[in-house]
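Only one structure is covered here, and it is reproduced in the block below.
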Amino acid sequence: MIDLSAREARRIALAAVGLATPRPQRRGQAALGAMIDRLGQVQIDSVNVLARAHYMPAFARLGAHDSATFDAMARGTRRRLFEYWGHEACLIDVALQPALRWRMARARAGTAGYGSQRRFAAERRDYIDAVLAEVERRGPLAARDLSDGGKATGSWWGWSDGKRALEWLFLAGLVTTHSRRGFERLYDLPERVIPAAVARPDPGEAGGQRILLQAAARALGVATAGDLRACWRIGPADAAARIVELVEAGMLQPARVEGWAQPAYLPAGIHRAPRPKATALVSPFDPLLWERERAERLLGVRYRIEIYTPAHKREHGYYVLPFLMGERIAARLDLKADRAARRLIVAAAHLEPGAPAGPTAEAVRAELDELARWLALDEIRIELRGDLAAALG
């Protein structure tokens with residue numbers, strides 16, 4: 001059992017997630033691939049206030065990268081990324097596709113997915129089989145491309161029956177995302193989209209879960225059992241059994257962390273990390289912030305996304321990104337890209353208690369310049385909300 005101070009745990013976690021060292025000079029495919037090796041997955045979300053969620057982790061770690069290069073990694077039969085349910089809807093390293101087949105198999109058996117999904121699959125199996133046959137015959141297809149137009153019903157999130165069928169087939173691993181039309185998925189058979197990954201051996205249910213938990217440990221650095229299982233949404237009983245197996249095999253090492261109520265685990269051989277020297281705007285969908293309680297344990301700040309909070313109850317703003325400076329959150333910025341006016345709007349800027357105002361403002365200004373260049377925005381507008389805004393202006 002290793003004993004870690006809170007600071008040591010924080011430094012290990014920041015190093016593991018790729019937010020401890022200055023950005024590399026080269027930011028192309030090799031750097032993006034190294035980030036995927038480290039994280040295993042990046043979250044997809046429809047929110048596009050600033051930039052699409054899956055582009056932001058790369059900006060935090062690399063700076064102004066080429067989004068088209070990132071997109072290319074999720075296209076073609078030799079792609080590096082495929083879409084599936086990881087932490088949430090994610091772009092996932094194709095090397096991990098076999099490790100997720102147990103989840104697909106459970107969906108096919110009717111033991112995974114939302115209750116409404118399982119009921120639909122049980123009640124409408126003939127229709128789902130017909131949709132799969134049509135994808136096989138005509139794919140890639142979106143729901144509205146189906147021969148029946150998807151049989152719009154307005155039920156279940158407003159999805160048509162065709163969309164519900166395709167989403168169940170997606171969960172069951174019988175179709176996958178070929179590409180997107182805007183943000184709309186086009187579905188095709190996995191063997192036509194990611195043939196090399198599909199051809200890899202199946203590690204089985206326990207083996208797949210062990211692989212995912214090891215990937216979680218690499219990405220998190222130091223984590224409780226709850227943190228590890230939440231990374232890939234593995235159930236408590238499954239995760240507990242696999243963690244015991246990984247510890248017995250010497251792949252995970254247990255630890256006690258100062259101030260943590262639960263035991264922690266680290267990848268074998270990790271004991272410490274150097275002092276972080278990076279700065280980064282961290283999006284609400286970054287792996288560092290996926291589990292808010294863990295982020296509070298590590299960084300000592302309470303963070304909540306306030307998009308769904310009524311405006312008069314928001315503390316820091318609508319779409320707020322914490323600003324990481326070294327090993328602390330030094331500020332929070334409410335940001336928006338006004339693409340029509342080619343303007344980056346800083347709707348609010350708040351300094352964290354105890355953070356140095358002058359150095360923080362200087363570092364944030366440099367980060368905002370980098371962000372505006374990346375998003376091809378010509379102007380930065382600072383609105384005078386928050387105690388850091390005047391210093392930025």
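FYI, side chains are in, hydrogens and waters are out, and symmetry mates aren't considered; it's all heavy atoms of this structure. Here the structure is a predicted model, which is why all the values come from computation and not from measurement.
- Contact between Phe82 and Leu100 at its shortest, heavy atoms only, is CZ-CD1, 4.0 Å.
- Under the 4.5 Å side-chain criterion, counting only non-hydrogen atoms from C-beta, Ile270 is in contact with Gln253.
- For the pair Glu367 (side chain) and Leu281 (backbone), a donor-acceptor distance under 3.5 Å is present.
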side-chain hydrogen bond (donor to acceptor under 3.5 Å, both in side chains) evaluation trace for Asp286 with Ser283: CA-CA 5 Å; Asp286 194 281; Ser283 89; 5.1 Å; no
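- No side-chain heavy atom of Leu335 sits under 4.5 Å from any side-chain heavy atom of Ile345.
- The environment of Arg339 atom CZ is dense: over 12 non-hydrogen atoms of other residues, nucleotides or ligands sit within 6.0 angstrom.
- The number of heavy atoms from other shown groups lying within 6.0 Å of CE (Met251) does not exceed 12.
- Ion pairing between a basic and an acidic side chain is recognised when a charged N comes within 4.0 Å of a carboxylate O; Arg297 and Glu293 show such pairing.
- Note: Phe170 and Trp85 have perpendicular aromatic rings, judged against thresholds of 30 and 60 degrees for the angle between ring planes.
- For the 3.5 Å distance criterion, the side chains of Thr177 and Glu83 qualify, holding a donor opposite an acceptor.
- Each of Leu351, Val320, Leu321, Leu388 was evaluated against Arg332; a single residue qualifies, Val320, per the side chain to side chain contact (heavy atoms under 4.5 Å, CB included) test.
- Hydrophobic cluster membership is shared by Leu324 and Val346, with clusters built from Ile, Leu, Val, Met, Phe, Trp and Tyr side chains linked at under 4.5 angstrom.
- The two atoms that bring Ala331 and Thr360 nearest to each other are CB-CG2, 4.0 Å, heavy atoms only.
- Glu306 places a side-chain N or O within donor-acceptor distance of the main-chain N or O of Glu315, the cut-off being under 3.5 Å.
- Heavy-atom minimum distance, Gln43 versus Cys90: CA-SG, 3.7 Å.
- There is no path of hydrophobic side-chain contacts, each under 4.5 Å, that joins Leu220 to Val301.
- Taking the side chain as every heavy atom from C-beta outward, Asp93 and Gln41 never approach each other to under 4.5 Å.
- Figure legend: Arg314 and Tyr318 shown without cation-pi pairing, the cationic atom not lying both under 6.0 angstrom from the six-membered ring centre and within 45 degrees of its axis.
- Among all heavy-atom pairs drawn from Ala142 and Leu166, the shortest one is C-CD1, 4.2 Å.
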Salt bridge (Lys or Arg N to Asp or Glu O under 4.0 Å) between Asp161 and Arg124, worked out: CA-CA 9 Å; Asp161 284 355; Arg124 301 295 306 279; 3.1 Å; yes
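- Proximity of Tyr84 to Leu171: side-chain heavy atoms (C-beta onward) are separated by under 4.5 Å at one or more points.
- The backbone N or O of Ala391 lies less than 3.5 Å from a partner atom in the side chain of Arg365, making a donor-acceptor pair.
- For Glu258, the side chain to side chain donor-acceptor pair (under 3.5 Å) test picks out no residue, with sequence neighbours left out.
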Verdict with reasoning, Glu327 to Arg7, per salt bridge (Lys or Arg N to Asp or Glu O under 4.0 Å): CA-CA 9 Å; Glu327 58 185 296; Arg7 171 171 285 183; 3.8 Å; yes
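- Evaluated for a side chain to side chain contact (heavy atoms under 4.5 Å, CB included) with Val131, the options Leu141, Leu146, Asp126 yield exactly one hit, Leu146.
- The structure places CG of Asp188 at 9.0 Å from CG of Leu186, a figure rounded to the nearest 0.5 Å.
- Between Arg210 atom CZ and Glu205 atom CD the span is 11.0 Å, to the nearest 0.5 Å.
- The heavy-atom pair separating Arg328 from Ala355 by the smallest distance is NH2-N, 3.4 Å.
- Between the Arg103 side chain and the Arg233 main chain, a donor and an acceptor come within less than 3.5 Å of each other.
- Side-chain contact check for Met56 versus Leu50: some heavy-atom pair is nearer than 4.5 Å.
- Not a single donor-acceptor pair under 3.5 Å links the side chain of Arg80 to the backbone N or O of Val94.
- Under the 4.5 Å side-chain heavy-atom criterion for grouping Ile, Leu, Val, Met, Phe, Trp and Tyr, Trp290 is not connected to Tyr303 through any hydrophobic cluster.
- With values rounded to the nearest 0.5 angstrom, Arg185 atom CZ is found 12.0 Å from Ser179 atom OG.
- A distance of 11.5 Å separates CG of Leu212 from CZ of Arg242, quoted to the nearest 0.5 Å.
- For Arg302, the CZ atom counts as loosely surrounded, since its 6.0 Å shell holds 12 or fewer non-hydrogen atoms of other residues, nucleotides or ligands.
- Using cut-offs of 30° and 60° for the angle between ring planes, the Tyr55 and Phe70 rings count as perpendicular.
- A donor-acceptor contact shorter than 3.5 Å links the side chain of Arg108 to the backbone of Ala172.
- At a threshold of 4.5 Å between side-chain heavy atoms, the hydrophobic network of Ile, Leu, Val, Met, Phe, Trp and Tyr places Leu14 and Leu298 in one connected group.
- The distance from atom CE of Met73 to atom CG of Leu91, rounded to the nearest 0.5 Å, is 9.5 Å.
- Around atom OH of Tyr308, no more than 12 heavy atoms belonging to other residues, nucleotides or ligands sit under 6.0 Å away.
- Dense packing is recorded around CD of Glu379, with more than 12 heavy atoms of other residues, nucleotides or ligands lying under 6.0 Å away.
- Put simply, the side chain of Arg79 gets close to the backbone of Ala74: a donor and an acceptor are under 3.5 Å apart.
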Test salt bridge (Lys or Arg N to Asp or Glu O under 4.0 Å) applied to Arg181 and Glu184, step by step: CA-CA 5 Å; Arg181 183 190 294 149; Glu184 180 184 35; 3.1 Å; yes
From CA spacing to verdict: side-chain hydrogen bond (donor to acceptor under 3.5 Å, both in side chains), Tyr114, Glu167: CA-CA 11 Å; Tyr114 295 111; Glu167 283 297 310; over 6 Å; no
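- In this structure, Trp232 has its ring center at least 6.0 angstrom away from the ring center of His87.
- Linking ILVMFWY residues whenever their side-chain heavy atoms come closer than 4.5 Å, directly or via other members, leaves Leu228 and Ile12 in distinct clusters.
- Panel note: side chain Asp238, backbone Gly235; no donor-acceptor pair is recorded below 3.5 Å.
- Between Arg381 and Glu383 there is a salt bridge, since at least one side-chain N of the basic residue sits less than 4.0 Å from a carboxylate O of the acidic one.
- Phe59 carries Arg23 over the face of its six-membered ring, with the cationic atom under 6.0 Å from the centre and within 45° of the normal.
- The closest side-chain heavy-atom distance from Thr111 to Arg118 is not below 4.5 Å.
- At most 12 non-hydrogen atoms from other residues, nucleotides or ligands lie less than 6.0 angstrom from CD of Glu362.
- Leu392 and Ala349 make their closest contact through CD1-CB, 3.6 Å (heavy atoms, listed as atom of the first residue, atom of the second, distance).
- More than 12 heavy atoms of other residues, nucleotides or ligands sit less than 6.0 Å from atom CD of Glu370.
- How far CG of Leu174 is from CD of Glu136: 10.5 Å, rounded to the nearest 0.5 Å.
- Looking at Arg256, its side chain never comes within 3.5 Å of a backbone N or O of Asp3 through a donor-acceptor pair.
- Proximity of a side-chain donor or acceptor of Gln214 to a complementary backbone N or O of Leu246 within less than 3.5 Å is not detected.
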